[in-house]
Structure formats: C-alpha cells, structure tokens
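One structure is given below, encoded as structure tokens.
What you see below is based on every heavy atom in this structure, not just the backbone, and it leaves out hydrogens, waters and symmetry mates. Proteins get letters first, then strands, A, B, ... in listed order; numbering begins at 1 in each. Keep in mind it's a predicted model, so treat the numbers as computed, not measured.
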There are 2 protein chains.
Amino acid sequence: MFLLRRVCRPDGRLRLIVNKIRNMEEFASLSGISRPTVSKYFNDPSSVRQSTRDRIEEALERYDYRPNIYAMNQNRRLTKNIGIVVPYLADPFFAEIVRVIERRCIDAGFSPSLFSSHGEQALEIGILDNLRSLKPAGVLLAPLGRLSDKSAIESFCRDVPTVLFDSNIEGMGEAFVGSDNYSFVSQTVEYLHRTGEPPCFFEMRNPANPNANKRRKAYLSMMEKLGLEPHIIPVEGSGWRFEEIGRLGGLKVLEAGSLPTNTVLCSNDRLAIGFLSACYEKGVKVGRDKGCSLRVASHDDHPFSRFTCPSLTTAAHDYTAVSDHAVETLFRLIESGGTLETRQESLFPARLIMRDSA
Amino acid sequence: MFLLRRVCRPDGRLRLIVNKIRNMEEFASLSGISRPTVSKYFNDPSSVRQSTRDRIEEALERYDYRPNIYAMNQNRRLTKNIGIVVPYLADPFFAEIVRVIERRCIDAGFSPSLFSSHGEQALEIGILDNLRSLKPAGVLLAPLGRLSDKSAIESFCRDVPTVLFDSNIEGMGEAFVGSDNYSFVSQTVEYLHRTGEPPCFFEMRNPANPNANKRRKAYLSMMEKLGLEPHIIPVEGSGWRFEEIGRLGGLKVLEAGSLPTNTVLCSNDRLAIGFLSACYEKGVKVGRDKGCSLRVASHDDHPFSRFTCPSLTTAAHDYTAVSDHAVETLFRLIESGGTLETRQESLFPARLIMRDSA
DNA sequence: TCTAATTTTTAACGCGCGTAAAATTTTTCT
DNA sequence: AGAAAAATTTTACGCGCGTTAAAAATTAGA
C-alpha cells in the first residue's frame, strides 16, 4: 500500500497524508473486492451479499471514496437524476413544495436538480433542453401554463418520463398531480355565502396559470348552482408580480367604489395580499367583525397568508399529499420503465382555513 | 448518409426518421470537420477560425447535436458548472438573489446548479459533499451561519474555489460579498431618532444568521454614538420561520406593555412582518400619522415588505450590486485559477426606503 | 458430504470525449 | 510569390466506470 505519504509542511513539521483514492479500481483492491462487484454495489447496495456489502461499507468509511458521477452517468442507460421544474421559485408556494419533493427524492436515493422558469417561456424551453442531456430518470414538471410552449413540452415528455404537477396541460406527461380547484372554490364560495353576502371574484384578466381559469369556472358554476348572480372583477397586469397587480387592481376598484358586494374572493393568496394592502391604504376595514366593511377570502394558503392584516381566510392546498403523490407517481413511472398504461390525473381537495379576513 | 431511416408505424404508415446523431465523431464527419476541432469549438467557440465556426454552427442547426455532458465533464480538468448554495430558498430574499445570480452565470456560459440547505446543518454538509463530486469551476455559498459546520466549510473551500455571500464566516472562501450591516442600522436608527423617539431593537435571542449579530452591535454602537440608551428586545424561537417568531414575540411584548419606546426597529423584515401582524391583532395602530401609537422599521427590503399593513419602512439591500459583484468576483477567481492573492471582503451600503410604518 | 444455486472474480470491451504530438493545410504578411 | 504563422487534420491514448461472459469460489440445501 502506498497510501501513506510524508509531506513536509511549511512550518517544517512532517505530516502524514492519506492519498486520495483515484478510482474504483483502486478502491476495490484496497477493500479486497473486485471492481465489478463494487460497481454493482454502487448501483444497488442490496444486490450484493451482506458480507461483501459490509466489507465495502467498512472500506468506504476508512477511505471515503466516491465514484465519479460523470463516468457513472455516461455509461448508465439511466441516471439517478430527477429534474424538478417550477415556474417561479421566488413564490414561497413553489419553494415549499420543492422543499418537500427534494427531500423525498434524496431519501429514495435520487439526485434532484432544481430549475425555475422564472415566468419566462424561453427559460422553460431552455431548461427542458438542458434536462434532456442530463438523461434524468424522471422529471417533475410544473409548467408555466398559458405561457408554455406546448409543442416543446410535448416533445420533451416523449423523450423523458415526466409527471406534471400543480398546473395541468391536457394530455401531456404520463400523469398529473395537483389540487382540485373546484374543491377550493366551492368551499370558499359556500362558506362566504353562508355567513354573509355572496362573493365577487377578483382575478387577473389574463392569468398565466391554468388553475386560475379553472377557479373562475368553478366560481361561475358554484354561483349558478346557488342561484346567485356572479360578478367577476378582472384586473389588468401580466407576469408573476401578483401582489403588485392585486394592489393596483384593488386601489382602482376601491377608488371607483365599483364593488358589487361587500365580499371579495380572490383567485389566489398573492393577489389577496396585494388587495389587502390596497384596502389598508384606503382605510377600508377588512374582516368579519362589526365595524368592518369588507370581507376578503382567497385560495392557496400561501405561507405568508397568516401574517396579513387581517390574517387571510383561505382554502389550503394539501401540500404534503400533492408532493408525496407526485413523487410516488414518478417513482412508479420510473420503475415501470417510463410509461404508464393510462395517463393518470390525481386531484386533491382543499381544506378551508378560517382566519380573520372573512 | 445513412441519416434517413424508414420506420413502420403501428398504424401501418411509413415514416421517415432522422437518425439522432450518436456522438461527436459522427457530427464532425457530417459537418465536414475533424473531431478535435469540433471539440475545441465546444470548449470555446472563439478558439476556432470564423469560417469553420460558421460551418459548425450551420451543421448544428441542421442536426441539433449536443455533446454528452457526462463524457465532457469526465475528462475536463474543470467543468463549466457553478454551484449556488443558499440557506433557505423559501425565503423570497434568497430566491430573488438566486434568480439574478443564475441568470448571470448562464449568460457567461456556465451551468448553475441550485441548492438550498433548508436551514439544516446536515443538509448543508451533504450539499457541499455532493458539490465536490460535481467538480464545479466555482461555488457561490451563502452559509447557514451559526449553524454551519465550520470545519466542513473550511475543508470544502480548500478543495473548491468558493465565494461566500450574504453571511460571512471569517477567513473562509476566497472572498466575501454582502451588505454592510452597519450602513443598514445606522441609517434606520438615525432616521427614526431624527423623526421621533429613538428605537428599541427587536430581534431573536439566538439568531442563526451572523448578520443579525452585526446588526445588534451596530444598533448598540449607533445608540451610544447618539448618546441614547439602547434597549434590546430579545424574542425566543429558533429555525427559519421568522414571521411566526416575530408574531409570537410581538404578541408577548404588546400584551406585557413592556416596550420602552414607541419605536421598534426589527432586525429583519421577516420578523417585522410577524411583528406587524401581532400589532394588527392587538389593535395597535402602526405608522407615523397622528392616531398611530407605534412606529416600526426594519432591514432587508424583503419582496413582501411593501405589501404589509402599513407598508414597511426599511433599509434595502442593493440586490443587484451584491449579486453582480459576487458573480464577478467568482469569475475572476475562476480565471485566476482558484485563488486570489488576498481574501477580499466587499460590503455594499443600504438604501433607506421610507414607507408608511415609520 | 455432495450437488445445485448463488455470488464473486477475471478478463476484456466500449462509452463519448479531452488532449497531445506530428503532419498537413490554410491564411497572413512582406 | 514565398516564407512564416496560424489553424486544422491525423493518429492515438486515456479517463473512470458500465457491462458482459466465462471461470472460480462460496453458500445453501438435502
């Protein structure tokens, strides 16, 4: 063994250096096991006999060798990489989901890579392009939605086993996992109607996210079902700065005094956060107490929604269920070789969170 | 050319398939250029004659070939990867910085990889461990701070060219780029003192982030300089759920009526967001108008701080300057082979943002 | 204890590309 | 046009590991 080397340090003292192990060959001979077996071990530790596994792991602790991932992935038909793509990472909603998903992937022995489209089509296309050459075992993709290049996503899904989440694009990917927008809206509308005036619906005129359209439809159908007249308040603006859009739209509506009811249901929490700040600015008191002139509710249970003033009544995603099910679906997809018999859509219901704003 | 292949589709129709190019050899012969030259091109397009560059790029469009990144990175002494590590990606502050940094790296021809320690030491260690085997050209690291395993970070910085940002750890990495905490606090304290009662300082008792300690010191020294008596309000709590910590701490303080002044300076915006929500809950009117009983200010200019109620007066990071300078420092570090003569610390001053809370 | 089944070893090839040296071609400049 | 400089081609090796097939060793089972 030439593993120990004497090195003369600047201060004159001698130091024993443990040579870094250069490759699997070296590590194998050091641990007294043949390289193919070691290779087999790294592919799947349970595929070798317990006794040899112990010997390898023992050597692993002594020499802390790690196989070269580039050489590994070059020759593997499939890597252990998993791509996670979200439309906007600066949105705490996605940041939170990503955190959970990432953890699950690591626990299952995969290497997750994070990507954010930052709300731009060009970036989403670029990410998918790069992802292809990463040869990932699978991808969890939350697409931009309306802004997505459908054909780019379609062609990507043909090449890479993909599970869509958060926002659905009809027919793409092997499965979709998300929240049931109807469940969100029906609960908030029902609650608001039961406890006061029926709500009008505050949203962006041209929402980027397909969930927004589903929520509008759910609002309309729910109001019809209750025999109530729907009112939609569309606000202008594009991009992902929802708070600012909600604030400006809110100021406009409040200044015009054009609200048809004293109850506003926002399409999502980030719009609501902006709307609430507009209310505060205009001195409009929000809440369900007497002395309040407006009720505001919303959807998503954004991580910040409990710190708004007043705290926001909202319908919560089942974050854990969505994340877990998305990951598990992807694992099944990977195990079954990249295709499922039929495209599966899983929708999880919302949970109404009653706080102070409505 | 054997690029075209007839394939019999399930429905019986024939389809012409353009064969995927398998490797650089094939692409080279197809474009009429030798493989070493093509390899050279991919390493640095400007390193080949313009005419051959044109020919390659022309062929590139026809055949859309992309070199195998694993094979590339295996043999390169240095990859074009850049690691970006932040302590908590769900914090919009980091999400925003990461977004800017990511873009700069891509524009410079690098492949950034994102990692979040999610506030956990074990994860940070694991990330650095994985990062090592990615052989990155360089790493931009925002460490956890107090929770970081100093020796793990030190050993990492010895192996990989690293620039620290956001929070400094004395002597580690080749450079540090961040904001000047003294500039933040001196501006807010001076402003608050000039326009009303001097502030007390609201912060976590055991902050994870080293910036918090610097801010406390800055507050103390600033108050002393102004000949004022400092008051520190330490609140309990650990982890990264600052809003909740600020809210609970705020409720406690407000209920006890123990605030020594009518002006509260929070260590950071996320604490302030929680504190403001506590004020609202307790019916304490915040702002500088008459009728308000409390002024609240803070530091960071968190993306959400302009949507609080009232909007938050705060000292803003120069996001762009910090991001740009961190990236440029890393690029210089990479170009100079991984070491700078001396460890450089760059601090950028804050900009006071006057809003409605103080 | 002996045989069959399982696991490991030996030996060898290939993956796709970086890289180096020498030979050749092309360009540049006087 | 001719020589020097620059770029490209040819040839060839190596990187670290996946993978395979046949041989050898170990284990399990009766």
Atom CZ of B:Arg55 and atom C1' of C:dT25 are separated, to the nearest Å, by 12 Å

C:dA20 P sits how many Å from B:Arg76 CZ, rounded?
13 Å

Per nearest nucleotide of DNA chain D, the residue lying toward the 5' end, A:Met72 or B:Ser34, is B:Ser34

Of the residues in residues 36-52 of chain A, which ones touch DNA chain C at a heavy-atom distance under 4.0 Å?
A:Pro36, A:Thr37, A:Val48, A:Arg49, A:Thr52

With a strict under 4.0 Å distance from non-hydrogen atoms of chain A, what nucleotide opens and what nucleotide closes the contacted stretch of DNA chain D, reading 5' to 3'?
D:dG16 to D:dT27

When all nucleic acid strands are considered with a 4.0 Å heavy-atom cut-off, which category describes A:Phe27: base, sugar-phosphate, or nothing?
nothing

Across all chains, not counting sequence neighbours, the salt bridge (charged side-chain N to carboxylate O under 4.0 Å, His left out) partners of B:Glu57 are B:Arg53

Roughly how many Å is it from CG in A:Asn68 to C1' in C:dC17, rounded to a whole number?
13 Å

For A:Asp149, give me all partners under salt bridge (charged side-chain N to carboxylate O under 4.0 Å, His left out), at least two apart in sequence or on another chain.
none

So salt bridge (Lys or Arg N to Asp or Glu O under 4.0 Å) across residues 151-164 of chain A, not counting sequence neighbours, yields A:Arg132-A:Asp159

Holding to salt bridge (charged side-chain N to carboxylate O under 4.0 Å, His left out), I want the full list of residues that pass it with A:Glu345, two or more places apart in sequence or in another chain.
A:Arg343

With sequence neighbours excluded, residues passing salt bridge (charged side-chain N to carboxylate O under 4.0 Å, His left out) with A:Arg22:
none

Does anything in residues 328-338 of chain A pair up under salt bridge (Lys or Arg N to Asp or Glu O under 4.0 Å), and if so which pairs, sequence neighbours excluded?
none

Find the distance A:Glu25:CD to C:dA11:P and express it as a whole number of Å.
11 Å

Return a table of donor-acceptor pairs under 3.5 angstrom between the side chains of residues 95-104 of chain B and protein atoms on other chains or two or more places apart.
| from | atom 1 | to | atom 2 | distance (Å) |
| --- | --- | --- | --- | --- |
| B:Glu96 | OE2 | B:Arg99 | NH2 | 2.9 |
| B:Glu102 | OE1 | A:His118 | NE2 | 2.9 |
| B:Arg103 | NH2 | A:Glu120 | OE1 | 3.3 |
| B:Arg103 | NH2 | A:Glu120 | OE2 | 3.2 |
| B:Arg104 | NE | B:Asp324 | OD1 | 2.4 |
| B:Arg104 | NH2 | B:Asp324 | OD1 | 2.8 |
| B:Arg104 | NH2 | B:Asp324 | OD2 | 3.3 |

Can you tell me if A:Gln50 has over 12 outside heavy atoms packed within less than 6.0 Å of its CD?
yes

